[in-house]
Amino acid sequence: MKALLLLGVFFLSKLLCSQNLINYGQTNTAGIYGTLSNPALAAGSTDYLSINLAGAGLTLENNLIHSKLKYSLYQIITLQHKRDQQPHHSPPYFEEAPKKRTTPSFYLNTQVLLPSVKFNITPKVAAFVYARERVTGNVVEVASNIMPVFTDRKSPYVPKGTDYKTDIRVLGYREVAAGLSMVVYDRREARVKIGVTVKQITARFAYVFNVAQFEANVTTNEVSILSRYRIINTDINSLSQKPDAFVLGTVSAGTGMGLDAGIVYEHRPYRLRNRYTVLNPKGRNKNFRQRDLIKYDYRIGVALLDWGKVELSSKNTQDRVLEAQSTLDLRRAPTPEEYERELKKNERVLSEQKNTVLNLPAVLMLTGDYRINRQWFINISYAQNLRSTKKAENFYAPTAINALLRKEMQHITYGIPLRVVPRTSTVTLGSFIQAGPFFAGTDNIFTFFNRRMYNPSVYAGLCYTIKYRKDPTIETFKNFGQF
């Protein structure tokens with residue numbers, strides 16, 4: 001049925017774009033990527049201009065299936081299969097997770113940050129604009145009898161009870177965003193920054209498959225099936241008849257609005273401030289520019305991310321509740337394609353919805369960043385899902401905890417993130433590096449070294465940042481001890 005098509009969309013998205021950019025955005029050298037995790041981070045930063053050329057990331061977290069590869073990605077890259085004279089892949093590519101969870105969960109987050117810019121109007125006021133393509137998806141529930149369709153492309157084993165409840169959701173959309181951030185309080189050792197991002201949402205496609213009822217009556221040689229399910233489907237063929245209009249968003253599956261908002265508190269002790277700033281607190285020397293140094297010992301941030309909705313167009317999408325009755329011959333197991341055709345042949349429309357509104361995967365992000373010494377930092381963040389997973393119209397990001405140990409130098413930043421996702425009962429360790437304008441990383445280093453891969457994650461990009469510089473007439477080692 002539609003479930004097989006939807007799963008194909010999941011993995012096609014995985015192949016097209018190569019995690020979550022939140023960890024990289026928590027650094028002080030991320031430029032415009034910092035606004036993706038908290039728009040308040042744009043103001044009062046060490047850079048006054050950040051230009052992103054391209055950046056992409058993928059996260060696929062689940063407790064349902066693992067990859068079943070003959071070689072790991074690292075072995076394929078190093079041509080181990082060539083030395084063994086073996087094909088680097090052969091079906092089946094996936095298998096059920098060894099430990100079945102009572103609550104299935106599957107979360108996809110693919111995003112591509114298109115050319116975008118952040119610039120400081122003043123050292124304490126910043127503005128930014130960006131465009132981002134995203135694909136988000138959830139498998140809230142998938143029946144054990146349906147799993148063979150996903151992993152081995154086998155027909156569901158119908159006589160084995162009625163465990164067929166399935167809930168799959170996929171949404172692709174583009175964001176065009178503009179934001180503003182400013183320092184609203186800067187006294188003594190405290191600084192408070194706020195920021196907001198407003199997004200215009202253009203839906204590319206939407207698919208929802210939800211089985212509300214499934215009954216199977218088994219006799220000696222056949223089984224009678226009664227199934228009732230809801231399908232939200234997008235007519236991609238119609239939308240893509242004019243490729244240029246589809247790319248620009250003038251033809252779409254629907255439109256909507258989104259919002260990010262955040263606040264950041266920084267504790268900036270006097271001992272971290274340079275002597276020149278202390279002697280000239282009102283900044284009367286206009287030639288002086290802020291030093292390229294981090295001046296807080298800790299900061300705390302709160303952000304509301306991806307709050308919004310998309311209203312689908314009835315012209316290009318369908319939202320229907322269907323019922324299918326069919327009889328299958330048990331003496332010959334049908335293929336998945338035959339099984340789908342048999343159900344579709346006898347399905348009828350029970351109801352059709354004209355207006356469908358889908359909710360974006362809103363999260364509440366709490367972060368704390370502590371400065372260990374001049375170059376080392378540790379960051380702890382907690383992302384709380386704000387959407388109910390029971391409603392088919394809601395997309396969600398799983399509640400997660402991230403810990404990031406990093407070192408920030410003049411030209412290089414590298415870090416080790418630790419990610420814990422309670423819903424999938426997984427803990428992953430990653431790494432990332434930024435060298436000049438280039439950055440790349442993963443939240444799960446075993447993405448590259450494990451043939452039984454789970455929670456794959458990878459991100460990379462090219463982003464130029466131009467930092468504030470020091471006044472050449474002051475604050476060099478020759479001036480130390482002269483005040």
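What you are looking at is a predicted structure, and each value in this text was computed from that prediction instead of being measured. For reference, positions follow the sequence shown, starting with 1.
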Check: [X]/[Y] side-chain N/O donor and acceptor closer than 3.5 Å:
| X | Y | result |
| --- | --- | --- |
| Asn52 | Tyr130 | no |
| Arg371 | Asn28 | no |
| Asn444 | Asn455 | no |
| Thr202 | Ser252 | no |
| Arg134 | Gln111 | no |

Less than 6.0 Å separating the ring centroids of [X] and [Y]?
| X | Y | result |
| --- | --- | --- |
| His267 | Tyr296 | no |
| Tyr265 | Tyr185 | no |
| Tyr24 | Phe439 | yes |

Considering only NZ, NE, NH1 and NH2 on the basic side and carboxylate oxygens on the acidic side, decide whether [X] and [Y] come within less than 4.0 Å.
| X | Y | value |
| --- | --- | --- |
| Lys309 | Glu311 | no |
| Arg423 | Glu61 | no |
| Glu189 | Arg268 | no |
| Arg387 | Asp306 | no |

Spacing of [atom1] belonging to [X] relative to [atom2] belonging to [Y], to within rounding of 0.5 Å:
| X | Y | atom1 | atom2 | result |
| --- | --- | --- | --- | --- |
| Gln26 | Leu404 | CD | CG | 7.5 Å |
| Leu304 | Leu259 | CG | CG | 6.5 Å |
| Thr255 | Ile201 | OG1 | CD1 | 10.0 Å |
| Lys407 | Arg374 | NZ | CZ | 10.0 Å |
| Ile294 | Gln375 | CD1 | CD | 11.0 Å |
| Leu53 | Leu113 | CG | CG | 10.5 Å |

Please say whether the positively charged group of Arg169, taken as NZ for Lys or CZ for Arg, lies over the ring of Tyr207, i.e. under 6.0 angstrom from the six-membered ring centre and within 45 degrees of the axis.
->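 Pair Arg169/Tyr207 does not count as cation-pi.
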Just by distance, do the side chain of [X] and the backbone of [Y] share a donor-acceptor pair under 3.5 Å?
| X | Y | value |
| --- | --- | --- |
| Ser181 | Ile194 | yes |
| Ser116 | Leu114 | yes |
| Arg188 | Tyr270 | no |
| Arg204 | Leu171 | no |
| Thr122 | Val125 | yes |
| Ser381 | Thr367 | no |
| Lys467 | Thr46 | no |

Please say which of Asn402, Thr428, Asp443, Thr426 ends up in a side chain to side chain donor-acceptor pair (under 3.5 Å) with Arg419.
->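 Of the listed residues Asn402, Thr428, Asp443, Thr426, the side chain to side chain donor-acceptor pair (under 3.5 Å) partner of Arg419 is Asn402.
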With sequence neighbours excluded, tell me which residues meet salt bridge (charged side-chain N to carboxylate O under 4.0 Å, His left out) with Lys118.
->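 Lys118: salt bridge (charged side-chain N to carboxylate O under 4.0 Å, His left out) contacts with Asp47.
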Quick check: do [X] and [Y] have side-chain heavy atoms less than 4.5 Å from each other?
| X | Y | value |
| --- | --- | --- |
| Ser50 | Phe128 | no |
| Glu175 | Lys199 | yes |
| Ile412 | Ile433 | yes |
| Leu239 | Phe205 | no |
| Val140 | Thr166 | no |
| Arg132 | Val112 | no |
| Phe209 | Ile232 | no |
| Phe106 | Ile168 | no |

Quick one: do Asp167 and Arg230 satisfy salt bridge (Lys or Arg N to Asp or Glu O under 4.0 Å)? Show the steps, please.
-> CA-CA 9 Å; Asp167 190 337; Arg230 179 184 179 186; over 6 Å; no
When you look at Val129 and Val117, which way does the side-chain contact (heavy atoms from CB on, under 4.5 Å) test go after all the steps?
-> CA-CA 6 Å; Val129 291; Val117 62; 3.6 Å; yes
Between Ile416 and Leu418, does a side-chain contact (heavy atoms from CB on, under 4.5 Å) hold up when you go through it step by step?
-> CA-CA 7 Å; Ile416 302 175; Leu418 177 71; over 6 Å; no
Yes or no on side-chain hydrogen bond (donor to acceptor under 3.5 Å, both in side chains) for Gln434 and Thr27, after CA distance, side-chain angles and deciding distance?
-> CA-CA 10 Å; Gln434 175 194 2; Thr27 69; 4.9 Å; no
Run the numbers on Phe395 and Tyr107 for side-chain contact (heavy atoms from CB on, under 4.5 Å), then give the verdict.
-> CA-CA 9 Å; Phe395 290 82; Tyr107 170 66; over 6 Å; no
Contacts of Tyr414 that satisfy side-chain hydrogen bond (donor to acceptor under 3.5 Å, both in side chains) - sequence neighbours left out = none
Compile the donor-acceptor pairs under 3.5 Å between side chains in residues 355-362 and protein atoms, sequence neighbours left out, one pair per line.
residue : atom : partner : partner atom : Å
Thr356  : OG1  : Asp319  : OD2          : 2.7
Asn359  : ND2  : Asn394  : OD1          : 2.7

Which is it for Leu386 and Val363 under the side-chain contact (heavy atoms from CB on, under 4.5 Å) test, yes or no, and what are the steps along the way?
-> CA-CA 5 Å; Leu386 300 179; Val363 297; 5.5 Å; no
